[in-house]
2 protein chains.
Amino acid sequence: MTMSAPDPFAVWLPLARAHKTILTAVEAALKQAGLRGLDWYDLLWELECAGDAGLRPYELQEKLLLPQYGVSRLADRLAKAGYLTRQDCSGDGRGQVLLLTPEGARIRAQMWEVYAAAMEPAISSNLSTGEARRLSELLGKLLRPAPADKI
Amino acid sequence: MTMSAPDPFAVWLPLARAHKTILTAVEAALKQAGLRGLDWYDLLWELECAGDAGLRPYELQEKLLLPQYGVSRLADRLAKAGYLTRQDCSGDGRGQVLLLTPEGARIRAQMWEVYAAAMEPAISSNLSTGEARRLSELLGKLLRPAPADKI
DNA sequence: TGAATGTCAATGCACTTGCATCTAAATTTC
DNA sequence: GAAATTTAGATGCAAGTGCATTGACATTCA
């Protein structure tokens, strides 16, 4: 005897639209600055957080919600650009460890400037501090795992 | 003399993550049902809303936030699948009007079942009615145009 | 009216993505 | 400890995307 559930599309439609709008704006800003897309940024950022330990591709896969081949190829491109190195993984002959290069760190910092500058007008200028807090809190609730009987 | 603006990333990061999570779930459900992706659905839906008047490609471009060539090619695929027809546009020799076929309407209804079923556990089960209302309201605020000096 | 400019839509090409499959190494099972 | 299974990661191929350009018609303006 629970109350009727809310209409999911009342949430999803503006969510999808806001996402596409903001994403498009950020990607355009990056491109205009001669930089690569957010997928590159996200990977570089994770590697930077990982520090000297680096990250295994399968770890990135989880963190970035990318398919396995997505990480494999994205890492290829980053490696070709000189932003990361692949290192044989001691202890697991199948695996490898991805490590950020100094050049990779440099470019990530550069991207960050553009990223943050593009985000500000898209988000901050439309919300008060309280609204932003409440919004991120509510969005966080969407990230809870689906009910077991639906997986 | 305004207060300091909120951190946009506190909103953007969970927003992007929630979006990717939900999108992935819905697309997977559609694929598993042997249906095409949400891009097809969105186009079909707009055509259905437009009724007998149909829609011009450039109108879809605005509604769906797609690039011009994106609409052109998506419409190609839908047409090849028999879900829409292109009709010469009386009054503008450059243009055309896209019209939903009965088969297109049928398939859209079929997709809707899957779409809605996948959305429910992803969203409704994580939010109360009040939370959902507040969330869609806050997301709506993000859709306001950027300040003029930032365009 | 005729040339310049603007708008609607398609497309060639390079790059990216999705899917299925493959190899190699690790782990489990008997 | 050899065979079967699982896991890490790469890759061939088909399909989709982004960018720049083109072609066709419309509109503007001298």
Side-chain angles (χ1 to χ4, degrees), chain A residues 20 23-43 46-47 50 54-81 83-99, chain B residues 20 23-43 46-47 50 54-81 83-99:
Chain A
K20 192 181 286 196
L23 186 69
T24 300
V26 176
E27 295 280 13
L30 286 168
K31 182 145 306 177
Q32 191 178 341
L35 298 165
R36 305 302 305 254
L38 279 187
D39 48 351
W40 286 49
Y41 182 85
D42 292 340
L43 179 30
E46 292 297 343
L47 286 188
L55 281 177
R56 302 282 301 265
Y58 75 88
E59 295 176 301
L60 278 165
Q61 195 178 325
E62 292 160 10
K63 286 177 191 294
L64 302 179
L65 305 180
L66 287 175
Q68 180 268 319
Y69 55 80
V71 173
S72 176
R73 282 162 167 160
L74 184 52
D76 267 356
R77 285 172 232 140
L78 278 276
K80 255 166 218 150
Y83 298 164
L84 63 79
T85 57
R86 297 168 188 265
Q87 194 165 94
D88 279 353
C89 180
S90 72
D92 189 338
R94 299 165 298 185
Q96 62 190 244
V97 175
L98 305 181
L99 289 163
Chain B
K20 193 181 287 195
L23 186 68
T24 301
V26 176
E27 295 281 13
L30 286 168
K31 181 145 307 177
Q32 191 179 341
L35 298 165
R36 305 301 306 256
L38 279 187
D39 47 352
W40 286 46
Y41 181 85
D42 291 341
L43 179 31
E46 292 297 343
L47 286 189
L55 281 176
R56 301 281 302 263
Y58 75 87
E59 294 176 301
L60 278 165
Q61 193 178 326
E62 292 161 10
K63 285 176 191 295
L64 303 179
L65 304 180
L66 286 176
Q68 179 267 320
Y69 54 82
V71 174
S72 176
R73 283 162 168 162
L74 183 52
D76 266 356
R77 284 171 238 141
L78 279 276
K80 255 166 218 151
Y83 298 165
L84 63 79
T85 57
R86 298 167 187 265
Q87 193 166 95
D88 280 355
C89 180
S90 71
D92 189 339
R94 299 164 299 184
Q96 61 190 249
V97 175
L98 305 182
L99 289 163

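Each chain gets a letter, A, B and so on, in the order its sequence line appears, and its residues count up from 1. A quick note: this is a predicted structure, and the numbers were derived from the prediction, not measured.
With sequence neighbours excluded, the residues forming a salt bridge (Lys or Arg N to Asp or Glu O under 4.0 Å) with A/R56 are A/D92, listed by chain and number. Residues satisfying the side-chain contact (heavy atoms from CB on, under 4.5 Å) criterion with B/T85, sequence neighbours excluded, are B/L99, B/T101. Residues passing the salt bridge (Lys or Arg N to Asp or Glu O under 4.0 Å) test with B/R77, sequence neighbours excluded: none. When the side-chain contact (heavy atoms from CB on, under 4.5 Å) test is applied to A/A28, no partner is found at least two apart in sequence or on another chain. In terms of the side chain to side chain donor-acceptor pair (under 3.5 Å) criterion, residue partners of A/R86 (sequence neighbours excluded) are, by chain and number, A/D76, A/Q96. Applying the side-chain contact (heavy atoms from CB on, under 4.5 Å) criterion to A/A25, with sequence neighbours excluded, gives no partner residue.
Each side-chain hydrogen bond (donor to acceptor under 3.5 Å, both in side chains) pair with one or both residues in residues 58-74 of chain A, not counting sequence neighbours, would appear here, but there are none.
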Between the protein and nucleotides 1-3 of chain C, are there any N/O to N/O pairs under 3.5 Å, and if so, what are the atom names and distances?
none

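Among the nucleotides D/dG9, C/dA25, C/dA9, the one closest to any side-chain atom of A/Y58 is D/dG9.
Distances shorter than 4.0 Å separate some side-chain N or O of B/Q96 from OP1 or OP2 on C/dA10.
Atom pair A/R94:CZ and C/dA25:P shows a separation of 10 Å (rounding to whole Å applied).
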Self-check item: Protein-to-nucleotide contact annotation, 5' to 3' order, nucleotides 12-21 of chain D [B base; S sugar-phosphate only; - none; under 4.0 Å, heavy atom]
Solution: BB--SSBB--
